[in-house]
Amino acid sequence: MSLKTKSKTTKPHEKIVLRFGNNTLLSGLFGQHDEHIARVEQTLGVRIAGRGNKVVLDGSPLACQQARAVLLYLYHTLENGGSITLGDVDGAINLGQEKEMELLATPAEKHDNKKVSDKNSKTEQTVKPSGVLKIKTRKRVITPRTPVQNHYINEMGKNDLTFAAGPAGTGKTYLAVAMAVSKLISGEVDRIILSRPAVEAGESLGYLPGDMKEKVDPYLRPLYDALHDTMPAEQVAKCIEIGEIEIAPVAFMRGRTLSHAFVILDEAQNTTPGQMKMFLTRLGENSSMVVTGDPSQVDLLPGVDSGLQNAIKVLEGIEGVSVVVFTEKDVIRNQLVRRIVNAYDAPAKVKGTKK
């Protein structure tokens, strides 16, 4: 009779030592009261200790590699003059967990890691991210917070027409406005056209007080908010005054040709197929267009088809047209918003499963 002895199994363990070149940036990397580092530790299950320009990561190999990618990505954002919030940290963690940051180090840099005395440890110098895109605006450098956002930025950069469909809080409009501002300040386009359907006003628009601008401004406020987050307020006002930035309802686009412009149609789920066709055919020479909307929040009258869903179906597969679909995983506005979206979508998912 043989006795079986229980052998203790130890979980894989690794230490990574990162050495950063600019100590002054580390306070921004760690955050106030080390809140950024605490968020990485809590989410990825890794221990992080810093001293001087050295940061030690301690945990499972996967957790260490993900934390390494997150810290290098955030540090490079600071190197480029950007700033970091907890939202940026969450976004970087999302990218790291989705393996979107594998291109952060080149093969040569990966092989240059020097072993130290601990056989489960290694040390490396900081590397510069190459797999994640950025948008530079007047006020800040904007980085994607999810893999789909990264894909969205790439598609806007290479296609004449990009559709972005998905729930609220995924950055569809914000990133489109940031891309428009970036192209305006770089001289790639001469003007920005921002439009929204004022569908809630309907026939009663004329009864609202004020001139036409004052009547429609409430419906266009989210576009103003995005502009002010990417450009100084005085520049926004000046650009609007001289016509470099135009904000108008969809109805005002009829009969126009929008050339040398970056055109954004927001809340496109509230256009009819006829309005959508009219708007899309405004696209002129050397122009790009981004159409955003949430198919689950259609405010049209019952029985009226959504122009957004219709256009995505009709234009599928056409060269120069890209469709980017966001899900609840891409909600970055607030963690509670993601849970709210999940709660509202749950019945529809159960119904679809039963079918």
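Quick caveat: nothing in here was measured; it's all calculated off a predicted structure.
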Got a donor-acceptor contact below 3.5 angstrom from the [X] side chain to the [Y] backbone?
{"X": "R282", "Y": "T257", "result": "no"}
{"X": "S287", "Y": "F262", "result": "no"}
{"X": "H36", "Y": "V89", "result": "no"}
{"X": "T43", "Y": "R39", "result": "yes"}
{"X": "D88", "Y": "T85", "result": "yes"}
{"X": "D266", "Y": "T173", "result": "no"}
{"X": "Q66", "Y": "A63", "result": "no"}
{"X": "E246", "Y": "I192", "result": "no"}
{"X": "K172", "Y": "P167", "result": "yes"}

Would you name the heavy atoms of [X] and [Y] that are closest together and state the gap between them?
{"X": "V40", "Y": "I93", "value": "CA-CD1, 4.0 Å"}
{"X": "L44", "Y": "V70", "value": "CD1-CG2, 4.5 Å"}
{"X": "A176", "Y": "V290", "value": "CB-CG1, 3.9 Å"}
{"X": "A261", "Y": "I193", "value": "CB-CG1, 4.1 Å"}
{"X": "V148", "Y": "V325", "value": "CG1-O, 3.7 Å"}
{"X": "V250", "Y": "P197", "value": "CG2-N, 3.6 Å"}

Should N23 and L25 be marked as a side chain to side chain contact (heavy atoms under 4.5 Å, CB included) after you check the CA-CA gap, both sets of side-chain angles, and the distance that decides it? CA-CA 5 Å; N23 283 14; L25 297 179; over 6 Å; no

Side chains of [X] and [Y]: donor-acceptor distance under 3.5 Å anywhere?
{"X": "T162", "Y": "N159", "answer": "no"}
{"X": "D330", "Y": "T170", "answer": "no"}
{"X": "D160", "Y": "S288", "answer": "no"}

For the residue pair [X] and [Y], establish whether any side-chain heavy-atom pair is separated by less than 4.5 Å.
{"X": "S259", "Y": "D190", "value": "no"}
{"X": "T271", "Y": "M276", "value": "yes"}
{"X": "D299", "Y": "E267", "value": "no"}
{"X": "Y73", "Y": "L71", "value": "no"}
{"X": "L72", "Y": "F20", "value": "yes"}
{"X": "K15", "Y": "C64", "value": "no"}
{"X": "M289", "Y": "L265", "value": "no"}
{"X": "I247", "Y": "S195", "value": "no"}

Are T146 and K329 close enough, and set up right, to give a side chain to side chain contact (heavy atoms under 4.5 Å, CB included), and what steps lead you there? CA-CA 8 Å; T146 72; K329 292 181 180 179; over 6 Å; no

salt_bridge([X], [Y]) N-O dist < 4.0 Å:
{"X": "D90", "Y": "R145", "value": "no"}
{"X": "K313", "Y": "E316", "value": "no"}
{"X": "R191", "Y": "E244", "value": "no"}

State which residues pass side chain to side chain contact (heavy atoms under 4.5 Å, CB included) with V298; sequence neighbours excluded, sorted by chain then number. Q269, N270, L300, S306, Q309

E234 atom CD: more than 12 heavy-atom contacts under 6.0 Å: yes

Rounded to the nearest 0.5 Å, the CG atom of L227 sits from the CD atom of Q235 at a distance of 11.5 Å

Got a sec, which residues hit ring-ring contact (aromatic ring centres under 6.0 Å, His included) with F326, two or more places apart in sequence or on another chain? Y152

Mind running side chain to side chain contact (heavy atoms under 4.5 Å, CB included) on V55 and V17 for me, showing each step along the way? CA-CA 6 Å; V55 175; V17 181; over 6 Å; no

Show, in sequence, the C-alpha distance, side-chain angles and deciding distance for V291 and V263, and conclude whether the side chain to side chain contact (heavy atoms under 4.5 Å, CB included) test is met. CA-CA 8 Å; V291 178; V263 186; over 6 Å; no

Does R221 count as lying over the ring of Y224, i.e. NZ or CZ under 6.0 Å from the six-ring centre, within 45 degrees of the axis? yes

